[in-house]
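Every number for a ligand or one of its atoms is a count from 1 in the order of the listing. Fair warning: this is a prediction, and the values are worked out from it, not measured in the lab. Throughout, residue positions are numbered sequentially from 1 according to the sequence presented.
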Amino acid sequence: MAEQELDTGGFDFSEVEKRLGVTRRTFLKYCAGVAASLGLSTSSAVAMAKAIAAKPQMRPPVIWLHGQECTGPTESLLRSEQPSLEHLLLDMISLDYHQTLDTGAGHKVEELKKKSMKENHGKYLLVVEGAIPVKDDGVYCKIAGETMLHITKEAAEGAAAIVAFGSCASWGGVQSASPNPTGAKGTQAVLPGKPVVNIPGCPPNPANFLGTVLYFVTFGKLPPLDQQNRPKWAYGRLIHENCYRRPHFDAGRFATEFGDEGHKLGYCLYKLGCKGPETYNNCPSLEFNNVGGGVWPIGVGHPCFGCSEEGIGFNKPMFALANVETHTPPNSFPTIEDRQQDTGISPTAAALGGAAAGAAIGASLMAAKKVGNTPESDSGSDG
Ligand code: SF4
């Protein structure tokens, strides 16, 4: 999406350019890309850009907890590329407490956390990373002498919104796999009655986290959620729906062993246990690391194991076949005339409309993916 398409009303972004170390053009393209991937309009992109550019005191305080986990979500966030997601994120929020990133340690940091929670009661964003063990009163995960169970409940009391980042925080993840010796649970399960936004994934895509936080910062509310409290814009479609190996699935071309001819030719991984047909996530659209070139499990030849789907990832055996929710095309199709009678829509008009919508979505996703790769010197032509 080109910069000149965004009418910013002459807003001065020079201060945010300095803060983030990116050009105005790159910054606006980035916001346009994020808004497009959230399914929002260009005016929302402008609103996001202005929210990011807001004065530091307007940034929401964030308390970030770690339970049972490998720190994968934070690692994923920190390894994102230009314009650095973590740079943008850390700039637009006030990260008052983060057990991995805090340079301080010990009692002083814990005191600062409690101080921030007291001063910002009802205003801070609580991010939970990792599962929460509840067996034996939660004794299997303690931080600064207190159980993660207690810490989470205490921090949730005054939170304006709660985000469970990663599969462990969303529904227990690998820690909750049978026999679940510590009684590991997700955030929502230990906070009944509190609304929790789940951003599952192992690791979750940092863009999904950033988009959710950007939405919250810009509009003061959470984005629309699905039945499992996941942002619909990120988890609204099955991986199988957008997978570029799908034509092979529909044509019956499968890899049946790692390294066989079908695997080398990039055929569908369904028979190797791919859980894409029963896993909701936007991995095929966003991929990881902003480097392009298919950096995501299926893109590098590994079946999706359903990491973001409760009851699938870490539970269903790796080689078990997925339930296919979306059907393969029928053997025969109705004629064009039949379709016209059924729908009352001219096939030509429908085709043109579909193509235009497809092109727009494609362009938006490309914008969302490409902004991270845009060289700062890219100031000449339309993006
Ligand atoms: S089964 Fe997996 S690899 Fe095959 S098309 Fe579906 S998501 Fe892609």
Side-chain angles (χ1 to χ4, degrees), residues 37 39 72 76 166-167 170-171 173-174 177 198-208 211 226-228 230-333 354 357-358 361-362 364-366 368-369:
S37 62
S76 162
S167 293
S170 297
W171 43 264
V174 65
N198 291 322
I199 304 183
C202 187
N205 195 312
N208 291 343
D226 70 7
Q227 287 185 330
Q228 294 181 38
R230 301 175 295 194
K232 280 185 180 170
W233 64 270
Y235 298 89
R237 294 292 172 113
L238 287 166
I239 285 175
H240 191 57
E241 289 181 61
N242 290 323
C243 178
Y244 38 66
R245 295 185 191 235
R246 177 64 183 268
H248 294 304
F249 177 92
D250 291 339
R253 292 187 290 265
F254 299 101
T256 51
E257 277 183 38
F258 286 103
D260 72 4
E261 200 55 22
H263 195 231
K264 286 179 193 158
L265 289 169
Y267 286 176
C268 172
L269 305 169
Y270 178 73
K271 292 190 177 176
L272 292 177
C274 181
K275 307 296 188 295
E278 54 190 352
T279 301
Y280 289 84
N281 209 330
N282 55 3
C283 309
S285 309
L286 289 188
E287 302 180 340
F288 281 81
N289 297 356
N290 286 357
V291 295
V295 180
W296 65 296
I298 291 173
V300 296
H302 194 283
C304 162
F305 82 103
C307 71
S308 58
E309 206 63 36
E310 184 172 9
I312 306 291
F314 309 110
N315 285 286
K316 195 162 177 172
M318 192 72 95
F319 285 98
L321 293 185
N323 293 325
V324 180
E325 293 181 18
T326 42
H327 301 289
T328 49
N331 287 332
S332 63
F333 293 88
I361 291 167
S364 300
L365 287 173
M366 284 308 291
K369 282 163 60 173

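- Scanning for side chain to side chain contact (heavy atoms under 4.5 Å, CB included) contacts around C304 gives I239, C274, K275, T279, I298, with sequence neighbours left out.
- Closest of all the heavy-atom pairs between P200 and S308 is CG-O, 3.5 Å.
- Rounding to the nearest 0.5 Å gives a distance of 10.5 Å between CD of E278 and NE2 of H240.
- Here 1 is the count of protein N, O or S atoms positioned under 2.8 Å from atom 4 (Fe) of ligand 1, waters not counted.
- Ring planes of H248 and Y267: tilted class, angle from 30 to 60°.
- Note: F258 and H302 have tilted aromatic rings, judged against thresholds of 30 and 60 degrees for the angle between ring planes.
- Ring pair F249/F254 is perpendicular by interplanar angle, where above 60° counts as perpendicular and below 30° as parallel.
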